[in-house]
Amino acid sequence: MLILDRMNEFAEPDALYPFAMDELLCRRTGEGGPAICHLWRHERAFVMGLRDSRLPGAADAKRWLESEGYDAVVRHSGGAAVPLDAGVVNVSLILPIEEGADYHRDFERMYALVREALAGTGRRVDKGEIPGAYCPGDYDLSIDGFKFCGIAQRRQAKALVVQAFVVAEGSGRRRARLVREFYERAAGGADDPARVPRVTEDSTASLAELTGLGLGAAKVFAEEIKEIVRARQTEDGLAAGAAALRLPSPEEVREAARSMRARYGLF
């Protein structure tokens with residue numbers, strides 16, 4: 001597995017750029033390219049799930065988010081609404097599909113990676129849905145009952161991407177409040193728990209709040225992830241991976257992002 005560290009690349013304003021990068025890299029991994037660990041952040045974005053985009057007031061909620069300075073987009077991987085900022089570390093594992101392996105195995109792989117990265121804090125990382133947390137799912141990762149990470153997956157014919165958002169710094173309560181207000185607007189008066197998640201402010205916290213990592217928690221966590229990947233690399237494996245790697249050009253990624261926005265965006 002190779003490491004693609006884009007933690008400090010904030011020049012691309014389009015929040016779909018890293019998702020498009022994952023999509024293109026996944027295609028190339030399926031064609032024989034290397035497995036990749038992609039680390040990235042975005043300064044100010046709000047990423048909706050496909051179900052969120054179909055809520056009756058989603059377009060109005062999107063306009064409100066944009067008035068607040070967020071790049072509001074719809075992702076094509078699983079999951080629901082997630083706010084992104086420099087305190088949120090996104091980890092993408094881009095892997096070939098192994099014959100006979102079900103999707104739970106890849107969720108477990110990400111869970112194990114995050115758990116190992118936080119082993120030094122002495123805190124236990126649990127999995128399982130946290131009531132009231134945004135982007136709820138069976139693979140909510142939590143400490144002391146507070147969610148700090150969600151995991152989604154995108155599968156192609158021969159490769160897949162497992163994506164985790166990790167709330168590393170800042171206020172989990174503030175982010176949950178933003179998501180709750182989004183749903184209040186996007187619901188358009190509907191009161192259907194099956195379609196509109198119930199988000200509470202006391203459900204989510206950051207690693208800085210939960211582990212004592214404090215300022216710089218995002219970079220500390222990312223470095224731990226990289227160290228774990230490096231510990232499993234070999235000289236021959238790195239050489240073979242580098243020989244098979246072909247990164248898409250920035251314009252290829254931008255074009256893929258434009259295509260995703262046209263296909264999944266709100267108008």
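Note that the numbering runs from 1 along the sequence shown for the chain.
- No salt bridge links D14 with R258; every basic N to acidic carboxylate O contact stays at or beyond 4.0 Å.
- In the model, D22 has a side-chain atom that pairs as donor or acceptor with a side-chain atom of Q163 under 3.5 Å.
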Take R261 and D71 through the test salt bridge (Lys or Arg N to Asp or Glu O under 4.0 Å) and record every step on the way to the result. CA-CA 12 Å; R261 189 180 291 268; D71 183 22; 3.6 Å; yes

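- For the pair V179 and P83, the tightest heavy-atom approach, listed with the atom from each and the gap, is CG2-CD, 3.5 Å.
- In this structure, F46 has its ring center no closer than 6.0 Å to that of W64.
- Here the closest heavy-atom approach between residue S203 and residue A133 is recorded as OG-CA, 3.3 Å.
- A donor-acceptor pair is defined here as one N or O able to donate and one able to accept, closer than 3.5 Å; such a pair exists between the side chain of E209 and the backbone of G172.
- Look at K219 and E223 and you find no salt bridge, because none of the NZ, NE, NH1 or NH2 atoms lies under 4.0 Å from a carboxylate O.
- Atom CZ of R174 is separated from atom OG of S206 by 9.5 Å, given to the nearest 0.5 angstrom.
- Between the R109 side chain and the V162 main chain, no donor and acceptor come within less than 3.5 Å of each other.
- Counting only heavy atoms from C-beta outward, the side chains of I97 and L95 never approach each other to under 4.5 Å.
- In this structure, L113 and I228 have side chains that are in contact, with non-hydrogen atoms separated by less than 4.5 Å.
- When all heavy atoms are compared, the tightest approach of A186 to L55 is O-CB, 3.3 Å.
- Side-chain atoms of R173 and T204, non-hydrogen and from C-beta on, never get closer than 4.5 Å to each other.
- Proximity of R6 to P18: side-chain heavy atoms (C-beta onward) are separated by under 4.5 Å at one or more points.
- For the pair V74 and L50, the minimum side-chain heavy-atom distance is below 4.5 Å.
- For R124, the CZ atom counts as loosely surrounded, since its 6.0 Å shell holds 12 or fewer non-hydrogen atoms of other residues, nucleotides or ligands.
- In this structure, SG in C26 is found 13.0 Å from NE2 in H38, a value given to the nearest 0.5 Å.
- What you find for A222 and L39 is that their closest heavy atoms are O-CD1, 4.2 Å.
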Decide side chain to side chain contact (heavy atoms under 4.5 Å, CB included) for W40 and S92; before the verdict, give the C-alpha distance in whole Å, the side-chain angles of both, and the deciding distance to 0.1 Å. CA-CA 8 Å; W40 60 274; S92 298; 3.7 Å; yes

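- For H104, the ring-ring contact (aromatic ring centres under 6.0 Å, His included) test picks out no residue, with sequence neighbours left out.
- R123 places a side-chain N or O within donor-acceptor distance of the main-chain N or O of L210, the cut-off being under 3.5 Å.
- S53 has its side chain out of reach of Y264: every pair of non-hydrogen atoms, C-beta onward, lies at least 4.5 Å apart.
- The side-chain heavy atoms of R175 and V88, taken from C-beta on, include a pair separated by under 4.5 Å.
- Summarising the geometry, atom CZ belonging to F182 is positioned 13.5 Å from atom OH belonging to Y134; distances are rounded to the nearest 0.5 Å.
- Cluster partners of V253 are L2, L4, Y17, M21, L24, L25, I36, I94, V161, L238, L245, L247, counting Ile, Leu, Val, Met, Phe, Trp and Tyr whose side-chain heavy atoms approach within less than 4.5 Å, directly or via other members.
- Checking side-chain atoms of H42 against main-chain N and O of P13 turns up a donor-acceptor pair under 3.5 Å.
- Interatomic distance, SG of C135 versus CG of D140, reported as 7.5 Å (0.5 Å rounding).
- Contact between A117 and F221 at its shortest, heavy atoms only, is CB-CE1, 3.8 Å.
- Atom CD of E251 is surrounded by more than 12 heavy atoms from other residues, nucleotides or ligands within 6.0 Å.
- Both I3 and V166 belong to a single network of hydrophobic side chains, linked directly or stepwise wherever heavy atoms of I, L, V, M, F, W or Y lie under 4.5 Å apart.
- If you chain together hydrophobic residues whose side chains sit under 4.5 Å apart, L207 and I130 never meet in one group.
- A salt bridge does not link R263 with E23: none of the charged nitrogens is closer than 4.0 Å to a carboxylate oxygen.
- Remark: the E108 side chain and the Y139 side chain contain an N/O donor-acceptor pair separated by less than 3.5 Å.
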Y111 and D106: CA distance, side-chain angles, deciding distance, side chain to side chain contact (heavy atoms under 4.5 Å, CB included) verdict: CA-CA 9 Å; Y111 169 45; D106 303 301; over 6 Å; no

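- Side-chain N or O atoms of Q156 include one that pairs as donor or acceptor with a backbone N or O of R27 at under 3.5 Å.
- M1 is listed as a side-chain neighbour of L93, based on a closest heavy-atom distance under 4.5 Å.
- D202 contributes atom CG, which lies 7.0 Å from atom CZ of F146 (distance to the nearest 0.5 angstrom).
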Might you work through the side chain to side chain contact (heavy atoms under 4.5 Å, CB included) test for V91 and F165, ending with a clear yes or no? CA-CA 7 Å; V91 184; F165 72 86; over 6 Å; no

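- Look at R230 and E227 and you find a salt bridge, because one of the NZ, NE, NH1 or NH2 atoms lies within 4.0 Å of a carboxylate O, short of that distance.
- Here the straight-line distance linking atom CD of E255 with atom OG of S249 works out to 10.5 Å at 0.5 Å rounding.
- With respect to the salt-bridge test (charged N to carboxylate O, under 4.0 angstrom), the residues R185 and E181 qualify.
- A donor-acceptor contact under 3.5 angstrom links the side chains of Q153 and R155, judged on distance only.
- Hydrophobic clustering (ILVMFWY, side-chain heavy atoms < 4.5 Å, transitive): M7 and F10 are in distinct clusters.
- The existence of a salt bridge linking R105 and E98 is confirmed by a sub-4.0 Å separation between a basic side-chain nitrogen and an acidic carboxylate oxygen.
- Residues A218 and E169 come closest through the heavy atom pair N-OE2, 2.8 Å.
- Ion pairing between a basic and an acidic side chain is recognised when a charged N comes within 4.0 Å of a carboxylate O; E31 and K158 show no such pairing.
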Between E12 and R254, is the side chain to side chain contact (heavy atoms under 4.5 Å, CB included) condition met? List the steps. CA-CA 9 Å; E12 294 290 343; R254 293 186 194 110; 2.8 Å; yes

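- A salt bridge does not link D52 to R75: none of the charged nitrogens lies less than 4.0 Å from a carboxylate oxygen.
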